[in-house]
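Lettering of chains follows the sequences in order, A, B, ..., and the numbering in each one begins at 1.
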Number of protein chains: 2
Amino acid sequence: MSAAESAVETIQREMTIFARRARASAGRMHPELSLVSYTLLGHLEEQGGCRATDLAAHYALDKSTVSRQVTALERTGLIERRLDPEDHRVQVLHLTEAGQEILAQVTRSRRTAFRERLRDWPEEDLVRFAAYLERYNAGPAGADEQ
Amino acid sequence: MSAAESAVETIQREMTIFARRARASAGRMHPELSLVSYTLLGHLEEQGGCRATDLAAHYALDKSTVSRQVTALERTGLIERRLDPEDHRVQVLHLTEAGQEILAQVTRSRRTAFRERLRDWPEEDLVRFAAYLERYNAGPAGADEQ
DNA sequence: TACTCAAGTTGTACTATACAACTAGAACGC
DNA sequence: GCGTTCTAGTTGTATAGTACAACTTGAGTA
């Protein structure tokens, strides 16, 4: 097996290990904001607001799933919907103040955990690892993860 | 924010995206074997059989969850239970022939998907990415979980 | 104007999960 | 040796997250 093939094997195995662990434990650390809600809020902050359809596309979720998530997040006051005056089918979603606060708080505590875990990594490796992950996740949807 | 800090942010975000997508897409690709079932079968193969309690401990799952998974896997003929003659509370779980075959088949097809996704990556990047993932997952169990 | 496309909601169903209450069997203490 | 406590597993119940299909509403277009 070539070095490339064996690297692909390793990537598969390690991504699987990570995926298997992640969700089970995410809820334990932040019961107030599930992993899914957290990522949706994060995207809203990053983008400065977007449509439900954009969230669905970005996370490869069904629009009905996003619709329910959005409903829940609105009910708990973390996001708000603003009707697009140009197109009345569209709701542009924005973080509320409360949403920004909770997101920041969870981000801080998650960041602490990640920092701890990545404590001994040289900056150069951190930067490269981050770039690889972005590239992997941005990959073609067809060959989608796993 | 330093380059290292912003890289940690990115790593956190991208790992999260991956974790959230993994299960859903695993189900799409292999309707016959969910990510959870896959990892349970993998563990059984690796260990050459074990108890339900061992699976629960290893994957940090509730024993009821494992019990139901095991029931389903037995019903579809992928594993079998053998009563421990020493201790009648214990069932030792083993892969059946069918279980071994499906496990091998899904492993092959997952490998193909990963290869496809990583097709355009230079070997150097594959090797480094693999090493980073191993290093990340090997980190201290405490900071393990997001 | 009528057809078609896009955004989102709702009904329904399923999987994975946890927690609690339970059964059955084993082991220990006195 | 007999009760108490521990261990393995099952079952009842509840919840989150998800998909798919059917629908509504609004926009764009032939």
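- A salt bridge is defined here as a Lys NZ or Arg NE, NH1 or NH2 lying under 4.0 Å from an Asp or Glu carboxylate O, and B/Glu5 with A/Arg111 fails to meet this definition.
- Checking side-chain atoms of B/Thr107 against main-chain N and O of B/Leu103 turns up a donor-acceptor pair under 3.5 Å.
- Checked against a 6.0 Å centroid threshold, the rings of B/Tyr136 and A/Trp121 do not count as neighbours.
- Counted within 6.0 Å of CD on A/Glu46, heavy atoms from surrounding residues, nucleotides or ligands total more than 12; the atom is thus considered enclosed.
- Atom-to-atom, CG of B/Leu55 to C1' of C/dA16 comes out at 15 Å; the value is rounded to the nearest Å.
- The listed nucleotides are C/dT9, C/dG8, D/dG9; the one nearest the side chain of A/Arg81 is C/dT9.
- Computed from coordinates, the B/Asp54 CG to D/dG9 C1' distance equals 13 Å when rounded to whole Å.
- Taking the side chain of B/Gln91 as heavy atoms from C-beta on, and the options C/dA18, C/dT9, D/dG9, the nearest nucleotide is D/dG9.
- In summary, A/Asp125 and B/Arg135 engage in a salt bridge, as defined by a charged side-chain N under 4.0 Å from a carboxylate O.
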Where do N or O atoms of nucleotides 11-15 of chain C meet protein N or O atoms at under 3.5 Å, pair by pair?
unit_1: C/dG11; atom_1: N7; unit_2: A/Arg68; atom_2: NH2; d: 3.3
unit_1: C/dG11; atom_1: O6; unit_2: A/Arg68; atom_2: NH2; d: 2.2
unit_1: C/dT12; atom_1: O4; unit_2: A/Arg68; atom_2: NH2; d: 3.1

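- The phosphate of C/dT9 (OP1 or OP2) has a side-chain N or O of A/Ser67 nearer than 4.0 angstrom.
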Give me, pair by pair, the N or O atoms of the protein and of nucleotides 27-30 of chain D that are less than 3.5 Å apart, along with how far apart they are.
unit_1: D/dA27; atom_1: OP1; unit_2: A/His88; atom_2: N; d: 3.0

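- Separating the CG atom in B/Leu126 from the OG atom in A/Ser6 is a distance of 9.5 Å, to the nearest 0.5 Å.
- Protein atom CG of B/Leu35 is 15 Å distant from nucleotide atom C1' of D/dT18, rounded to whole Å.
- When the P atom of C/dA16 is taken as reference, atom CG of B/Leu61 falls 11 Å away, rounded to whole Å.
- In this structure, the nucleotide among D/dA19, C/dA18, D/dG9 sitting nearest to the side chain of B/Asp62 is C/dA18.
- What separates CG of A/Leu40 from C1' of D/dT18 is a distance of 13 Å, to the nearest Å.
- B/Thr71 places a side-chain N or O within donor-acceptor distance of the main-chain N or O of B/Ser67, the cut-off being under 3.5 Å.
- An OP1 or OP2 oxygen of D/dA8 is reached within less than 4.0 angstrom by a side-chain nitrogen or oxygen of B/Arg51.
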side-chain contact (heavy atoms from CB on, under 4.5 Å) between B/Thr10 and B/Val8: does it pass, once the steps are laid out?
CA-CA 5 Å; B/Thr10 301; B/Val8 170; over 6 Å; no
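- Heavy atoms from other residues, nucleotides or ligands lying under 6.0 Å from CD of B/Glu124 number 12 at most.
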